[in-house]
Amino acid sequence: MKDDEPPHPPGTSRRLRPLLRSLAPDLSPWHASRDFRFLWLSGCVTSFGSFLTYVAVPMQIKELTGSSFAVGLIGAFELVPLIVFGLWGGALADALDRRKLVLRAETGLGLLAGLLLLNALLPSPLLWPIYLVAALVAACDGLQRPALDSLTPRIVPHQHLTAAFALNSLYHNAASVAGPALAGVVVAFSGVETAYALDVLTFAVSLLLLVRIRAVPPATGAERPSVRAVLTGVRYAWSRKDLLGTYAIDVCAMLFAFPVAVFPFLASELGADWALGPMYAASAVGALLVGATSGWTSRIHRHGRLLVVAAVGWGAAMALAGLSGSIWLVLLGLALAGGADEISGLARSTMWNQSIPDEVRGRMAGVELLSYSVGPQLGQVRAGTMAGLVGVRAAVWSGGLICVAAVLAVAAALPKLLAYDDRTDPHTAAVRAGHERAEREREQEAAAATD
């Protein structure tokens with residue numbers, strides 16, 4: 001190259017830098033909130049360990065029974081506790097200090113991981129304790145998740161909520177990739193007991209981080225937890241047809257196109273037992289790629305439409321995975337599904353956090369928990385049952401196609417979902433005004449304390 005020759009065409013770097021900035025994750029929530037940093041780090045640690053157990057449990061049941069139905073049955077044991085305690089946990093989150101509720105549930109989850117470890121260390125591990133612990137974990141998760149989800153809008157400025165969810169999804173998806181991949185290696189060489197032991201350790205670290213978060217007391221005049229309070233939340237959810245559409249679409253996507261229960265059998269059928277860990281991780285790889293380039297999502301306003309497109313993409317990608325006879329095409333389909341699911345999650349979370357008032361936020365988080373958790377539990381049962389009736393691959397591809405049809409039907413039946421626009425939505429405007437008012441009050445209190 002000659003000395004007077006420019007290293008790059010003129011203007012290339014000037015055009016490239018804005019593009020890269022628009023794709024890079026928005027770190028504003030991390031800089032704006034100390035409590036968000038502790039919450040984020042805690043979630044990062046505990047998610048990594050939980051995904052080890054997420055893979056170890058079905059692998060252990062498969063080793064004990066050799067039955068796809070037995071693996072899928074775990075979803076049935078989780079279903080009722082998740083429904084009951086998810087709704088009750090939402091009422092508690094609106095009435096109690098959300099930080100304390102998260103801490104107590106995290107402690108319970110750590111103890112339950114210890115019970116899985118003790119059972120795995122027995123000379124002949126038992127099957128029934130695994131199902132019992134699964135039910136108790138669902139109960140603890142139901143109590144914790146509404147408080148955890150409704151905590152973020154209290155500690156992050158309103159304008160940074162989409163970015164906060166994108167940052168949370170980064171650690172979740174990174175753990176989804178590393179956890180299953182490591183779990184496959186750990187279980188193969190050290191057994192499921194090592195995976196459970198690592199999970200217990202991550203819960204201990206998570207608790208040390210959560211105790212650093214400041215108290216998050218309930219709103220003034222908060223309604224006491226009761227059946228009536230739960231029903232008030234359910235009625236509010238029913239009155240918001242745009243929110244109802246997000247719940248319905250998520251249930252459809254997970255019920256019909258969440259075949260993780262049959263992954264061990266799909267890997268064996270394709271002669272690729274080595275690929276079980278990558279199969280669990282593939283969707284997270286796709287989601288991680290989307291999360292790492294999520295800067296563009298802060299400029300989206302029609303989140304309902306984005307949700308529908310993404311959910312259709314999820315179902316179509318799962319259908320591709322089921323129809324593929326090559327393990328590499330299966331992994332590609334799962335990765336595409338993960339990317340679509342990440343976009344869907346960003347759209348749902350933004351609509352929820354932007355437009356739900358704080359006084360019912362915990363109860364709405366309980367309803368949300370049911371929408372994104374009950375679906376996967378039923379989806380495991382569906383996948384395991386259909387695999388026994390029509391074969392593993394048919395259970396996967398047929399579920400993907402049914403998912404596409406169901407999502408389009410929901411979108412047609414609930415037009416307010418497609419009409420949602422955060423620039424004109426009255427619920428969003430009211431929540432934004434309340435959040436800004438609360439920020440001003442906190443600043444005034446801090447200034448008064450300083451004086």
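- What you find for C403 and G315 is that their closest heavy atoms are SG-CA, 3.8 Å.
- The closest donor-acceptor contact from the side chain of S42 to the backbone of F38 lies at 3.5 Å or more, if one exists at all.
- Formation of a donor-acceptor pair under 3.5 Å by the T246 side chain with backbone atoms of L243 is found in this model.
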Residue pair L116, L112: steps toward the side-chain contact (heavy atoms from CB on, under 4.5 Å) verdict: CA-CA 7 Å; L116 285 176; L112 290 171; over 6 Å; no

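- Between the side chain of S150 and the backbone N or O of P146, at least one donor-acceptor pair lies under 3.5 Å.
- When the shell of 6.0 Å around CZ of R240 is examined, it contains more than 12 heavy atoms from other residues, nucleotides or ligands.
- Applying the side-chain hydrogen bond (donor to acceptor under 3.5 Å, both in side chains) definition to pairs two or more places apart or across chains, none involves residues 302-331.
- Between the side chain of S239 and the backbone N or O of Y236, at least one donor-acceptor pair lies under 3.5 Å.
- Within the 3.5 Å criterion, the main-chain N or O of W30 finds a donor-acceptor partner in the side chain of R37.
- Remark: the backbone N or O of D199 is paired with a side-chain donor or acceptor of T202 at under 3.5 angstrom.
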Stepwise side-chain contact (heavy atoms from CB on, under 4.5 Å) test for T46 and L109: CA-CA 10 Å; T46 194; L109 290 168; over 6 Å; no

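- Screening V57, I74, L136 for a side-chain contact (heavy atoms from CB on, under 4.5 Å) with Y131, the sole residue that qualifies is I74.
- Once rounded to the nearest 0.5 Å, the distance linking CG of L208 with CG of L41 reads 12.5 Å.
- No side-chain heavy atom of I213 sits less than 4.5 Å from a side-chain heavy atom of L103.
- Electrostatic pairing of D94 and R363 counts as a salt bridge here, judged by a charged N lying under 4.0 Å from a carboxylate O.
- Residues L266 and L270 have side chains in contact (heavy-atom distance under 4.5 Å, counting atoms from C-beta outward).
- Between the side chains of Y420 and T428, a donor-acceptor pair is found at a separation under 3.5 Å.
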Intermediate values then yes/no, side-chain contact (heavy atoms from CB on, under 4.5 Å), W128 and N119: CA-CA 10 Å; W128 67 264; N119 181 60; over 6 Å; no

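- Checking side-chain atoms of R98 against main-chain N and O of T152 turns up no donor-acceptor pair under 3.5 Å.
- In this structure, the side chains of F77 and V137 stay at 4.5 Å or more apart for every pair of heavy atoms.
- For the pair S349 (side chain) and G345 (backbone), a donor-acceptor distance under 3.5 Å is absent.
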Y196/L115 under side-chain contact (heavy atoms from CB on, under 4.5 Å): CA gap, chis, key distance, verdict: CA-CA 9 Å; Y196 296 146; L115 290 179; over 6 Å; no

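- When side chains are defined from C-beta on, L417 does not count as touching K241, because their heavy atoms never get closer than 4.5 Å.
- A donor-acceptor pair under 3.5 Å is absent between the side-chain atoms of R145 and the main chain of G86, judged by distance alone.
- Ring geometry for W352 against Y247 counts as tilted: the plane angle lies between 30° and 60°, on a 0 to 90° scale.
- P415 approaches A412 most closely through the heavy-atom pair CD-O, 4.1 Å.
- A distance-only check finds no donor-acceptor pair linking the side chain of D341 to the backbone of A287 [under 3.5 Å].
- Across all their heavy atoms, A321 and V396 have their closest contact at C-CG1, 4.5 Å.
- Contact record, G333 with A317: O-CB, 3.4 Å, taken as the closest heavy-atom pair.
- Closest of all the heavy-atom pairs between V410 and A248 is CG1-CB, 3.9 Å.
- Few gaps surround CH2 on W274; more than 12 heavy atoms of other groups in view lie less than 6.0 Å from it.
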Contacts under 3.5 angstrom, residues 177-186 side chains, donor-acceptor by atom type, not counting sequence neighbours:
none

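- Annotation: the span from L143 atom CG to L148 atom CG amounts to 12.5 Å, rounded to 0.5 Å.
- Summarising the geometry of A272 relative to I327, their closest heavy-atom pair is CB-CG1, 4.0 Å, with the distance given to 0.1 Å.
- Checking D422 against H301 by side-chain atom types alone, a donor-acceptor pair falls below 3.5 Å.
- The shortest distance between side-chain heavy atoms of S398 and V390 does not fall below 4.5 Å.
- For R348, the salt bridge (charged side-chain N to carboxylate O under 4.0 Å, His left out) partners two or more places apart in sequence, or in a different chain, are D250.
- Side-chain atoms of L255 and C252, non-hydrogen and from C-beta on, never get closer than 4.5 Å to each other.
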